[in-house]
Amino acid sequence: MENEVVSKNFIEQIIEKDLAEGHCDTVCTRFPPEPNGYLHIGHAKSILLNYGLAQKYNGKFNMRFDDTNPTKEKTEFVEAILADIKWLGADWEDRLFFASNYFEQMYEAAVKLIKKGKAFVCDLSADEIREYRGTLTEPGKNSPYRDRSIEENLQLFENMRNGLYKDGEKVLRAKIDMSSSNINMRDPVIYRVAHLNHHNTGDKWCIYPMYDFAHPIEDAIEGVTHSICTLEFEDHRPLYDWVVRELEYEKPPKQIEFAKLYLKNVVTGKRYIKKLVEEGNVDGWDDPRLVSIAALRRRGFTPESIKMFVELCGVSKSQSIVDYAMLEYCIREDLKLKRSRLMAVLDPVKLIIDNYPEDQMEELEIENNLENEELGKRKVPFGRELYIDREDFMENPPKKYFRLFPGNEVRLMGAYFVKCVDYKKDETGKVTEIHCTYDPETKCGSGFTGRKVKGTIHWVAARTAIPAEVRLYENLIDEEKGVYNEDGSMNLNPNSLTVLKNCWLEPNFAGAKAYDSFQFVRQGYFCVDSHDSRPDALVFNRIVSLKSSFKLPKPE
RNA sequence: UGGGCUAUCGCCAAACGGUAAGGCAACGGACUCUGACUCCGUCAUUUCCAGGUUCGAAUCCUGGUAGCCCAGCCA
């Protein structure tokens, strides 16, 4: 048995300590998105972290929508979020919850606070509350309504529920400490009046609890033991603990914060993604250049690759920006032994084998080493006229260029050696035709060892090739200039999308379906686009290119 | 300028007072019917800085510095 030392992240250490010291018997985590948008790679980290922890410690993982503010929430997002989480592989079993289903309990909890003298109804306007709150450096001052009697507060709060007040007219506030150095503790608002239709509770309520009050209650009700959130909530933890303490829960949940996942040269953050979509810079929230879960799926990333990525990134409290190359590594790693390697020509130029019989076609057998042996075997038609990629031929090759050039011999993958004897150009100097001769003795599988060639190139037989359209994606963000300008606008890369319309595939691609992914030999991994199914051509998105250690010298 | 948090290789990230793991990237080299894959090798005498405690410090103490977060009736 391998005794690989796997270090534990800081959350695992906390959990194990809690378990050992009896602070909890089992582990229960949760993923609590607000249904106000689509999930992205950052959420994937949270989902997989929470789910992974529950699995590791034989506990439970709850799915919960934190839908306490109806202004932004929609059922449409609920469905999309659930689909994404399922796709990622996190299983909440029968524990799908909505914070809005706890509104009655939250109301009771608020009443309890009022009865304890720990909450009061405040008539100050939003602006006044802000003024009374003080600043980062100056303490706040007490609201003039802070000392209302318990009876009055009880009555007023009931009136709030019964719709006697307009939006903004009154709020319920926790009575904590207006001089606290932590602004969140300066008598925070815990309930507001909002006459809004809620996606789940309809018109039943016209008061809604605030996150800081609702969240600990949700956790406590569900028996969540470790409430894992991101760093910006650290300042809220004292309030979280206050709520849980004042409400006297027997097994108080514990909030733990970790650093968000940021990716280099990628737009994260809902606000900016939304802007890109609205301004038409991308194709929609699942545009493959984005890193929403749906975009990654459409691009061809697998759940396994995302899981691997998240695990590789680790969990800590230091702000970090992960290199995109790490994500690319993960998808390559996941796909390389799983996906068939087929030949595709993205920028075709015709290659004619002068000494190959005019009308002859033959079928060659090609084998790749894949996990699944059957997937790795295939038959490919070969004939006199082929397409090869333009970059696999050069009139005047630089040093160390091993592919085709006048007089050079290379292997056509899975087929024969061919030697370039001639080529034709049009008026503009563009190569239009390459002429070769082939050596029948060098056929793949013949065991020929007479001589070696340094280059192997891919090809498709012109007569049987399938037409295709291929989309290549680059970073959305201009790397040189950085992500954002001073005015908040973004430096977009104008070449983030390239559409290649004149591509050719070997016949084994026939029948490929949406989300099917392949390795185009020598070109990288590609996925059939789920949005485009065309009668005339298959449409592919590039998932990731292959590593290449030979780069053409840049033209002067 | 109040409070909270964070600083370990280009990027993530371990190390919990016992003498700086690992991964990505990069660079060499071997292999190769994909310049892929695979395989081997190189890559922090030093942990933001300056002092101190200690036989011994990335870890403890003191004082700095830098970055992130907080003044929604958002989450």
Side-chain angles (χ1 to χ4, degrees), chain A residues 4-9 13 32-34 36 66-69 71-72 122 124-126 129-131 133-140 167-173 180-186 188-194 207-208 210-212 214-215 229-238 257 259-261 264 309 311-330 332-333 336-337 341 343 366-369 400-403 410-415 417 442 444-445 452-458 519-524 545-551:
Chain A
E4 193 183 335
V5 181
V6 178
S7 54
K8 296 184 170 75
N9 69 47
Q13 291 178 29
E34 183 183 21
N36 67 346
D66 205 359
D67 53 354
T68 57
N69 180 8
T71 53
K72 300 187 283 184
C122 184
L124 256 26
S125 71
I129 287 182
R130 189 178 314 117
E131 281 165 32
R133 185 156 37 223
T135 68
L136 292 178
T137 52
E138 300 160 85
D167 291 5
E169 200 175 325
K170 282 184 169 47
V171 293
L172 184 70
R173 293 227 253 164
S180 172
S181 53
N182 182 345
I183 289 183
N184 296 302
M185 300 299 270
R186 319 238 261 231
V189 172
I190 59 178
Y191 255 99
R192 78 280 215 177
V193 177
I207 57 171
Y208 294 96
M210 301 288 290
Y211 168 87
D212 283 316
H215 208 85
C229 62
T230 44
L231 247 30
E232 68 269 27
F233 290 104
E234 274 182 312
D235 288 342
H236 297 242
R237 186 165 8 109
E257 311 85 9
K260 266 182 180 159
L261 172 64
K264 195 161 188 204
F309 175 66
E311 281 168 2
L312 238 43
C313 288
V315 182
S316 77
K317 291 188 75 164
S318 57
Q319 177 265 10
S320 58
I321 302 171
V322 179
D323 201 320
Y324 200 83
M326 201 125 105
L327 219 205
E328 295 182 323
Y329 163 79
C330 291
R332 272 194 221 106
E333 194 67 15
K336 70 186 175 199
L337 288 176
R341 295 196 264 277
M343 293 188 287
I366 302 185
E367 214 173 318
N368 292 130
N369 295 318
K400 295 210 173 176
Y401 183 81
F402 303 145
R403 281 111 100 174
V410 299
R411 174 175 287 285
L412 291 176
M413 181 173 292
F417 284 8
T442 59
C444 166
K452 292 199 165 190
V453 288
K454 292 203 92 170
T456 302
I457 65 173
H458 58 117
Q519 188 195 131
F520 289 9
V521 164
R522 204 159 189 161
Q523 304 276 10
S545 52
L546 259 21
K547 282 198 187 184
S548 166
S549 53
F550 178 79
K551 307 222 167 50

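Lettering follows sequence order; numbering is per chain, from 1.
- Protein atom CE of A:M326 is 13 Å distant from nucleotide atom C1' of B:G10, rounded to whole Å.
- Within the shown strands, B:U65 is the pairing partner of B:A7 under the Watson-Crick or G-U definition, both distances less than 3.5 Å.
- With distances taken from any side-chain atom of A:S320 to the nucleotides B:G35, B:C12, B:U6, the minimum falls on B:C12.
- Across all strands shown, B:C60 forms a Watson-Crick or G-U wobble pair with B:G52, both key distances being under 3.5 Å.
- With a cut-off of 3.5 Å on both Watson-Crick or G-U wobble distances, the partner of B:A75 is given as none.
- Anti is the glycosidic conformation of B:G41, whose angle departs from 0 by more than 90°.
- Only the C1' atoms considered, B:U65 is 31 Å distant from B:A26, to the nearest whole Å.
- A:R173 has no side-chain polar atom (N or O) that falls below the 4.0 Å cut-off from OP1 or OP2 of B:G72.
- Separating the CG atom of A:N368 from the C1' atom of B:U38 is a distance of 15 Å, rounded to the nearest angstrom.
- For A:T68, a side-chain nitrogen or oxygen approaches OP1 or OP2 of B:A75 to under 4.0 Å.
- Listed nucleotides B:G2, B:C24, B:C69 differ in distance to A:E232; the shortest reach to its side chain belongs to B:C69.
- At whole-Å resolution of the value, NZ in A:K317 and P in B:A13 are 13 Å apart.
- Taking atom C1' on both nucleotides, B:A57 is separated from B:U46 by 12 Å, rounded to a whole Å.
- Under the side-chain contact (heavy atoms from CB on, under 4.5 Å) criterion, A:S320 pairs with no residue, sequence neighbours left out.
- Listed pair A:S7 / B:G22 fails the phosphate criterion, with no side-chain N or O lying under 4.0 Å from OP1 or OP2.
- Checked by atom type, the side-chain pair A:S180/A:N182 shows no donor-acceptor distance below 3.5 Å.
- Taking atom C1' on both nucleotides, B:A58 is separated from B:A50 by 16 Å, rounded to a whole Å.
- B:C12 and B:U6 have their C1' atoms separated by 15 Å, with the value rounded to a whole Å.
- Contact annotation: A:K336 side-chain N/O to B:U38 OP1/OP2 distance is under 4.0 Å.
- Judged by Watson-Crick or G-U wobble contacts below 3.5 Å, the nucleotide B:G2 has B:C70 as its partner.
- One P atom belongs to B:A21, the other to B:G41, and the distance between them is 16 Å to the nearest Å.
- Proximity of A:Y329 to the phosphate of B:C24: a side-chain N or O atom is located under 4.0 Å from OP1 or OP2.
- If you find the closest nucleotide of RNA chain B to A:E333 and to A:Q523, the one lying nearer the 5' end belongs to A:Q523.
- Comparing the C1' positions of B:C16 and B:U47 gives an interatomic distance of 15 Å, to the nearest angstrom.
- Pairing of B:C39, defined by two Watson-Crick or G-U wobble distances under 3.5 Å, is identified with B:G29.
- Here A:S316 reaches the OP1 or OP2 of B:A13: one of its side-chain N or O atoms lies under 4.0 Å away.
- Taking atom CD of residue A:E328 and atom C1' of nucleotide B:A36, one finds them 15 Å apart after rounding to whole Å.
- Protein atom OH of A:Y324 is 17 Å distant from nucleotide atom P of B:C12, rounded to whole Å.
- Put simply, A:S125 has no side-chain N or O that comes within less than 4.0 Å of OP1 or OP2 on B:C73.
- The CG-C1' distance, from A:L327 to B:C11, rounds to 13 Å in whole Å.
- In a base pair of the Watson-Crick type (N1 to N3 plus N6-O4 or O6-N4) or a G-U wobble (N1-O2 and O6-N3), with each distance short of 3.5 Å, B:A20 is matched with no nucleotide.
- Of the candidate nucleotides B:G35, B:A13, B:G72, B:G35 has the atom nearest to the side chain of A:R403.
- Remark: side-chain polar atoms of A:R332 are paired, donor with acceptor, to backbone N or O of A:S545 under 3.5 angstrom.
- A donor-acceptor pair is defined here as one N or O able to donate and one able to accept, closer than 3.5 Å; no such pair exists between the side chain of A:Q519 and the backbone of A:K336.
- For A:R133, taking side-chain heavy atoms from C-beta onward, the closest of the listed nucleotides B:C12, B:C73, B:C16 is B:C73.
- Annotation: of the two residues near RNA chain B, A:K454 and A:V322, the 5′-most nearest-nucleotide partner is A:V322.
- Applying the 4.0 Å criterion to OP1 and OP2 of B:A15, one finds that A:Q13 has a side-chain N or O inside that range.
- Across A:D66 and A:E34, no two heavy atoms sit closer than the pair O-CG, 3.6 Å.
- Between A:E234 atom CD and B:A75 atom C1' the separation is 16 Å, expressed in whole Å.
- The side chain of A:C313 lies closest to B:C12, out of B:C12, B:G3, B:C73.
- OP1 or OP2 of B:A25 lies within a sub-4.0 Å distance of a side-chain N or O belonging to A:K547.
- Between the side chain of A:D235 and the base of B:G3, at least one donor-acceptor pair of N or O atoms lies under 3.5 Å.
- Here, B:G22 and B:C9 have their P atoms 15 Å apart, quoted to the whole Å.
- One atom, CG of A:L546, and another, P of B:G35, lie 9 Å apart when rounded to the nearest Å.
- Here the shortest heavy-atom pairing between A:Y191 and A:M210 reads N-CG, 4.1 Å.
- A donor-acceptor contact under 3.5 angstrom links the side-chain atoms of A:R522 to the base of B:G35.
- You won't find any donor-acceptor pair under 3.5 Å spanning the side chain of A:R130 and the base of B:G72, going by distance alone.
- Between B:C55 and B:C49, the distance separating the two C1' atoms is 26 Å to the nearest Å.
- Taking the 5.5 Å centre cut-off and the 30° plane limit, the aromatic side chain of A:Y211 is not classed as stacked on B:A75.
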